[in-house]
Structure formats: structure tokens, C-alpha cells
Amino acid sequence: MIDYNEEIKKFYPSTEIGEVEELIYQQDMTDAVDILLETMKNGKV
């Protein structure tokens, strides 16, 4: 049987995941809402 408390003690976060997460949050990504808002602002809707 798995001892979850013991497994949690052994856990350590991956540094690679943290680095990727930072890179993703630094990107200024356009999504569908951004496109819709820009279109509405330009009066094309």
C-alpha cells in the first residue's frame, strides 16, 4: 500500500516546469477574447 504522507515528503518540484511556467507567463499571447475586443473597439462588429 502507498503511504501518501511518505511520498509527499520525497516530493520536490521540477525546476524545468518552473522555468517553462515563467516563460509562458511572460508571453503576450493573443486569444479569442483579445481579438473580439479589438474588433469591437474598431467598430467592425
Side-chain angles (χ1 to χ4, degrees):
M1 184 178 265
I2 296 174
D3 183 2
Y4 290 103
N5 290 329
E6 195 63 36
E7 292 299 319
I8 289 174
K9 289 177 187 175
K10 293 189 253 178
F11 173 78
Y12 60 94
S14 172
T15 56
E16 295 161 347
I17 298 297
E19 291 171 3
V20 170
E21 186 178 43
E22 287 178 28
L23 289 173
I24 290 171
Y25 284 125
Q26 290 174 0
Q27 295 293 319
D28 185 20
M29 301 170 90
T30 302
D31 63 3
V33 174
D34 293 331
I35 294 169
L36 179 60
L37 290 173
E38 186 67 27
T39 304
M40 290 173 61
K41 185 168 61 174
N42 292 333
K44 295 181 181 178
V45 174

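This structure is a prediction, so every number in the text was calculated from the model and none was measured.
- Rounding to the nearest 0.5 Å places CG of L37 at 11.0 Å from OG1 of T30.
- Residues M40 and L36 have side chains in contact (heavy-atom distance under 4.5 Å, counting atoms from C-beta outward).
- Rounding to the nearest 0.5 Å gives a distance of 10.5 Å between OG1 of T39 and CG of D34.
- Applying the 6.0 Å contact sphere to CD of E16 captures no more than 12 heavy atoms from other residues, nucleotides or ligands.
- Residues E19 and E22 are not in side-chain contact: their nearest non-hydrogen atoms beyond the backbone lie 4.5 Å or more apart.
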